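Predicted model only: the values in this text are computed from it and were never measured. Labels below follow one simple rule: chain letters A, B, ... track the order of the sequence lines, proteins then strands, and each chain is numbered from 1.
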There are 2 protein chains.
Amino acid sequence: MQSVEKFSIQRFTEQERENIEATVARERPLTIILNNQELVTLLCSPAALKYLAIGFLSSEGLVENKDAIRKILVDDQKGIVRVETRDGQEFPEEQIFKRFITSGCGRGATFYSAADVQDQAKLETQMEISVTEVLALAKTFLRHSQMYKTTGGVHSAALCDTAGIMVFADDIGRHNAIDKIFGQCLLEDIPLDDHIIISTGRISSEMLLKVVKRNIPIVISKSAPTALGVRLADKLGITLIGFVRGKRMNVYANDWRIVTHRK
Amino acid sequence: MQSVEKFSIQRFTEQERENIEATVARERPLTIILNNQELVTLLCSPAALKYLAIGFLSSEGLVENKDAIRKILVDDQKGIVRVETRDGQEFPEEQIFKRFITSGCGRGATFYSAADVQDQAKLETQMEISVTEVLALAKTFLRHSQMYKTTGGVHSAALCDTAGIMVFADDIGRHNAIDKIFGQCLLEDIPLDDHIIISTGRISSEMLLKVVKRNIPIVISKSAPTALGVRLADKLGITLIGFVRGKRMNVYANDWRIVTHRK
């Protein structure tokens with residue numbers, strides 16, 4: 001299914017009105033069923049549903065790796081992805097309830113407890129990136145984001161190394177775009193360690209928790225972080241770069257990975 | 001608690017780095033407890049927690065009106081709002097599970113079923129608005145949105161009539177900003193019928209479903225709608241105005257409420 005749709009709409013100014021064709025981002029529900037158990041319904045852009053479902057399950061710790069998956073059935077028409085794992089584990093409703101309900105948006109907020117964050121080892125990797133590389137990545141990334149430019153209604157995310165973009169995804173939800181990346185990487189054996197995530201969206205705590213689980217030490221956004229995001233990045237050893245615009249950028253945490261000039 | 005926080009950060013260009021002070025939006029968990037039952041934990045800006053809790057409960061159909069509320073206890077420090085209703089009704093875990101789990105983000109996606117939307121009467125109100133009024137509202141609204149300008153990290157929403165802004169709210173989440181408006185209106189007996197909602201955020205289906213429940217016939221945003229949003233607005237009788245920028249605006253549905261010049 002196409003991720004955008006054209007509508008005939010009216011454009012008004014104070015003086016006149018004209019009929020124009022507007023390109024609008026599609027929004028569809030996706031229901032994820034794990035081992036015959038309906039887990040969650042997300043609203044998303046109707047593309048890469050398989051990657052989104054696997055990325056979501058991986059982010060929630062319900063699918064560890066590719067070997068754990070026995071079968072994936074995608075019904076694009078109905079917006080359903082069924083995933084069967086080798087262990088076929090079902091979760092007591094109580095446990096799913098706790099996992100998703102208490103997590104606000106079903107997206108990992110359970111990790112907020114101090115204990116959970118403390119369990120997470122700090123990223124110490126010595127990976128470096130130069131200012132020139134960050135600005136070049138951001139420029140290429142925004143050029144990639146065609147759907148954003150056309151509709152003004154979606155977020156983009158990409159997995160990169162310092163040389164360029166490796167995996168790219170678009171979605172009406174900024175968490176979905178990131179999960180699509182992680183789902184594709186899991187299914188296609190693309191390594192995540194020591195790579196970079198770049199996003200059009202605000203960097204909140206939830207995004208950092210998704211990223212640190214994959215040992216990704218650098219996060220770049222053209223938008224702002226939240227204060228909790230800054231504090232988490234600092235604690236988790238993630239280099240947090242925001243407000244990348246034109247020729248400058250802000251580094252909110254762990255700026256020791258930034259080199260002004262590459263040796 | 002202040003909604004923003006200052007951090008000392010590094011600003012880089014290719015040539016140099018400097019230490020600057022950045023103002024960043026706070027992000028805190030809010031747990032809503034209804035009649036001793038923990039319902040949900042949202043991530044939000046730490047202001048107007050009472051309004052957010054009541055707006056959320058109202059949007060989810062769990063609190064009908066002000067008279068239904070017996071007591072509200074706000075613990076700003078811990079981020080907890082306890083609400084007790086007169087009927088003291090508790091919900092079976094199963095029912096809460098179904099309500100929040102199947103709704104993706106805990107935010108009303110259960111209404112997606114065709115039946116639910118069909119139950120919703122189409123808004124037929126003859127309210128009109130002129131292009132000049134929309135452009136003036138949008139201009140005032142963006143001027144109000146000081147936090148957005150300072151931090152680049154929050155959404156704003158407001159309840160208006162054709163003459164100006166009546167209730168304003170900011171939040172890191174666009175749904176939260178809208179729920180804060182509705183919570184305040186419920187508690188302060190501010191009527192919603194035949195008013196206008198204006199938002200900085202994307203207009204998705206969930207937002208339209210929140211709005212139609214309050215008999216609000218006009219929605220304005222500086223951002224884009226989704227395709228499902230356009231279709232719902234059309235079906236529900238809501239005038240959907242997007243991409244209000246400078247001297248022009250797009251009308252995606254029910255443009256019959258727009259008058260070029262006020263009589």
Side-chain angles (χ1 to χ4, degrees), chain A residues 4-5 7 9-17 20 22 24-29 38-43 93-94 96-97 100-107 109 112 131-132 134-135 151-153 172 202 204-206 223-230 243 247-252 255 258 260, chain B residues 4-5 7 9-17 20 22 24-29 38-43 93-94 96-97 100-107 109 112 131-132 134-135 151-153 172 202 204-206 223-230 243 247-252 255 258 260:
Chain A
V4 296
E5 192 174 340
F7 286 85
I9 65 153
Q10 300 291 312
R11 171 164 289 169
F12 286 81
T13 64
E14 283 179 283
Q15 289 74 42
E16 54 184 15
R17 60 189 287 169
I20 64 163
V24 176
R26 281 215 169 97
E27 176 193 8
R28 287 285 306 274
E38 190 178 318
L39 275 194
V40 72
T41 298
L42 308 170
L43 291 166
E93 283 221 340
E94 167 77 14
I96 298 185
F97 171 85
F100 290 100
I101 293 302
T102 61
S103 71
C105 232
R107 314 302 301 244
Y112 280 93
V131 178
T132 309
V134 174
L135 299 178
T151 68
I172 54 161
R202 193 181 66 233
S204 60
S205 53
E206 293 164 291
S223 299
T226 64
L228 189 51
V230 174
F243 270 110
K247 297 210 168 290
R248 62 188 199 181
M249 60 193 220
N250 290 349
V251 184
Y252 293 85
D255 58 36
I258 311 290
T260 313
Chain B
V4 296
E5 192 175 341
F7 286 86
I9 66 150
Q10 300 292 312
R11 170 164 289 168
F12 285 82
T13 65
E14 283 179 283
Q15 287 74 42
E16 54 185 16
R17 60 189 287 170
I20 64 162
V24 176
R26 282 215 170 97
E27 175 193 8
R28 287 285 306 271
E38 189 178 319
L39 274 193
V40 73
T41 298
L42 309 170
L43 290 166
E93 282 222 343
E94 169 76 13
I96 298 186
F97 170 85
F100 290 101
I101 292 302
T102 61
S103 70
C105 230
R107 315 300 301 241
Y112 281 92
V131 178
T132 310
V134 174
L135 299 178
T151 68
I172 54 161
R202 193 182 64 234
S204 60
S205 53
E206 294 165 291
S223 300
T226 64
L228 189 51
V230 174
F243 269 111
K247 296 209 170 291
R248 62 187 198 182
M249 61 193 219
N250 290 349
V251 183
Y252 293 86
D255 58 36
I258 310 290
T260 313

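- Residues forming a side-chain contact (heavy atoms from CB on, under 4.5 Å) with Ala224(B) (at least two apart in sequence, or on another chain): Phe243(B).
- Contact check for Ile258(A) versus Arg17(B): no side-chain heavy atoms found under the 4.5 Å cut-off.
- Inter-residue side-chain proximity for Tyr252(A) and Val24(B) is flagged as met; some heavy-atom pair is nearer than 4.5 Å.
- For Glu27(A) against Gly229(B), the heavy-atom pair with the smallest separation is OE1-N, 4.0 Å.
- Interface residue Arg202(B): only side-chain heavy atoms are found under 4.5 Å from chain A.
- Contact between Ala227(A) and Arg26(B) at its shortest, heavy atoms only, is CB-CA, 3.9 Å.
- If you take CZ on Arg28(B) and OG1 on Thr226(A), they are separated by 12.0 Å, rounding to the nearest 0.5 Å.
- Summarising the geometry, atom CD belonging to Gln10(B) is positioned 10.5 Å from atom CE belonging to Met249(A); distances are rounded to the nearest 0.5 Å.
- Only the side chain of Glu5(B) comes within contact range of chain A, judged by heavy atoms closer than 4.5 Å.
- For Phe7(B), the part sitting under 4.5 Å from any heavy atom of chain A is the side chain, from C-beta outward, and nothing else.
- In this structure, chain A has heavy atoms under 4.5 Å from both the backbone and the side chain of Val251(B).
- Counting non-hydrogen atoms of other residues, nucleotides and ligands closer than 6.0 Å to CZ of Arg11(A) gives a total above 12.
- Heavy-atom minimum distance, Thr132(A) versus Glu14(B): OG1-OE2, 2.8 Å.
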task = I would like to know whether Val134(A) and Phe12(B) meet side chain to side chain contact (heavy atoms under 4.5 Å, CB included); could you show each step before the answer?
result = CA-CA 10 Å; Val134(A) 174; Phe12(B) 285 82; over 6 Å; no
